[in-house]
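Atoms within a ligand are numbered from 1 in the order they appear, just like the ligands themselves.
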Amino acid sequence: DGFAAEKLFNQGYSYTYDDVIFLPHYIDFPTDAVSLSTKLSRNISLSTPCVSSPMDTVTESYMATAMAALGGMGIIHSNTTPPEQADAVRSVKSRRVPILSNPVFKSPDSLIVDQFDDDSLPCVIVTESGTATSKVLGYVFKSDWMSLSDKEAKLVDYMHTVDSKISVPWNYDLAQIDAYLKQQDHDFVLLEKEGEVVDVITKQEVERVKGYPKLGKGTVGSDGKWMVGAAIGTRQSDRERLEHLVKAGVDVVVLDSSQGNSIYQIEMIKHIKQTYPELDVIGGNVVTMYQTQNLIEAGADGLRVGMGSGSICTTQEVCAVGRGQATAVYKVSSIAARSGVPVIADGGISNSGHIVKALTLGASTVMMGSFLAGSTEAPGAYQYKNGYRIKKYRGMGSLEAMTKGSDQRYLGDTAKLKIAQGVVGAVADKGSVLRFIPYTMQAVKQGFQDLGASSLQSAHDLLRSKTLRLEVRTGAAQVEGGVHGLISYEKKAF
Ligand code: XMP
């Protein structure tokens with residue numbers, strides 16, 4: 001009944017996730033017996049197969065802390081200066097809670113009015129010299145200055161002074177911080193690392209996160225810190241960028257290119273493996289067996305798969321190259337598995353079914369942009385449009401992002417004319433990833449149960465042994481598989 005993947009994907013068609021459907025198999029275990037633990041790259045294990053994309057509207061330190069707390073991983077984008085990117089890595093590694101308020105440090109004499117033009121700033125910490133490393137004197141909350149009419153007021157005039165018991169060590173987890181706040185009856189606490197205040201954690205934030213599904217231990221490295229990745233390019237200047245990132249403690253680097261099979265990337269992989277043998281390097285993007293072979297031979301510890309499948313991508317239209325994502329994931333994984341190199345299915349994920357398909361077709365993780373971009377943890381503030389609460393989401397090959405500096409992912413070194421390979425748009429507010437990713441993973445587990453696969457390895461084995469069968473869905477079958485025939489409906493997954 002149905003087709004084996006080997007037969008289905010060798011008929012000259014480029015299939016996307018929606019084109020194909022698995023036939024159910026046999027269930028002999030409960031949903032909770034399904035394990036989604038996996039590998040991101042040769043030496044990095046994750047308990048949740050989710051990775052956030054290195055895009056400037058998706059992954060900065062806030063998203064990366066949340067992804068690590070969920071057992072996944074965030075890849076910090078490189079559309080910033082190398083020191084800024086390295087700071088984002090440090091920020092992830094300087095806490096063990098998925099909370100980030102990016103406090104600003106000022107000296108007592110600073111004028112209050114100058115502090116609060118940034119909407120997202122909750123609080124200013126007043127320290128002796130105005131740096132994170134000097135003695136903390138007090139703090140001023142946003143509400144303190146909003147009601148202020150005296151434009152000449154200094155922070156020192158309005159600050160709440162702190163006693164000595166206002167900070168906890170950086171590696172306190174949520175339960176420890178919660179207990180401390182209750183015990184001390186404080187509204188907030190400072191996280192301190194080696195004499196430096198790294199963040200301010202408010203009671204409100206702790207209460208918010210406590211209301212989400214319970215978190216496991218997260219993705220923690222051998223140093224006891226959360227693991228985090230970062231994207232780099234393949235130019236000479238990226239070797240310097242990499243130095244900054246390595247010093248900051250980055251755990252894995254992703255070579256960010258839409259067509260990874262190039263002499264530049266192969267040389268960069270070799271350089272990294274020679275200079276930092278302990279650091280895992282993920283190559284890509286690739287969609288063919290030939291590209292895969294080349295990057296594995298060069299020494300890639302992981303591969304990112306997808307070309308033009310992303311929601312904001314126009315690469316296939318502009319350059320006429322790419323591949324349907326289901327076919328690409330299957331083809332690349334079938335070669336990469338022989339060398340034990342894990343594959344990241346990058347782009348085109350818009351529901352939990354797509355994740356089940358990507359992971360069953362051979363990927364070890366999925367990388368997501370639009371799926372995460374509307375979350376609390378994505379960079380940028382929410383806006384309102386036609387009654388919807390939205391966040392901006394843009395392709396890194398869009399003119400807007402390239403103007404900020406991401407052009408090397410899409411341009412040759414000498415290109416003078418910029419051609420966009422992506423668009424700028426917006427996505428709907430989805431709330432916190434700490435809430436919707438656990439629900440999404442539960443849905444993925446149910447999909448695995450229907451397939452009779454209790455782990456990613458077992459799904460891959462069932463596919464390769466031709467036990468799992470698939471079919472292509474006709475246009476009408478796809479319509480039938482979605483919600484249809486209703487005058488209106490409310491789409492709510494949980
Ligand atoms: P999703 O579908 O998750 O896709 O939003 C995210 C992935 O899309 C890729 N990406 C781009 N591809 N032009 C492209 O052709 C772009 O401007 C662009 N920006 C991101 C990238 O692989 C990302 O992870």
Do ligand 1 and [X] have nitrogen or oxygen atoms that lie under 3.5 Å from each other?
X	answer
M368	no
R394	no
F371	no

Between [Y] and [X], is there a salt bridge with N-O shorter than 4.0 Å?
X	Y	result
R90	D87	yes
D346	R304	yes
D251	K225	no
E267	K270	no
K217	D173	no
D199	R95	yes

Problem - Residue-ligand contact S258/ligand 1, heavy atom below 4.0 Å - result: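 It does not; every heavy atom stays at 4.0 Å or beyond.
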Handout entry: Q316 touching ligand 1 at heavy-atom level, < 4.0 angstrom
Key =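 Q316: no contact with ligand 1 (<4.0 Å).
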Need the ligand 1 atom indices (1-based, order shown) with element for anything under 4.0 Å from a heavy-atom of [X].
X	result
I312	8 (O), 10 (N), 11 (C), 18 (C), 19 (N), 20 (C)
T315	14 (C), 15 (O)
Q421	13 (N), 14 (C), 15 (O), 16 (C), 17 (O)
Y393	1 (P), 4 (O), 5 (O), 6 (C)
S398	17 (O)
G347	1 (P), 2 (O), 3 (O), 4 (O)
G310	1 (P), 2 (O), 4 (O), 8 (O)
S53	23 (C), 24 (O)

Practice task
Using a 4.0 Å heavy-atom cut-off, say whether M307 meets ligand 1 through its side chain, its backbone, both or neither.
Solution key: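 Within the 4.0 Å criterion, M307 makes no contact with ligand 1.
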Completion exercise
Ranking S311, C313, G369 by closest non-hydrogen atom to atom 8 (O) of ligand 1, top hit is C313
Fill in the blank from the handout: Between the CE atom in M368 and the OG1 atom in T59, the distance rounded to the nearest 0.5 Å is 10.0 Å
Exercise for the section: Measure up the Y15 and F9 rings against each other and bin them: parallel (under 30°), tilted (30 to 60°), perpendicular (over 60°). Expected result: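 Rings of Y15 and F9: perpendicular, as their planes differ by over 60°.
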Practice task
Using the ring of Y382 (Phe, Tyr or Trp, six-membered ring only), decide whether K392 places NZ or CZ under 6.0 Å from its centre and within 45 degrees of its axis.
Solution key: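 No - K392 does not lie over the ring of Y382 by the 6.0 Å and 45° rule.
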Problem - Short side-chain donor-acceptor distance under 3.5 Å, S41 and D280 - result: yes
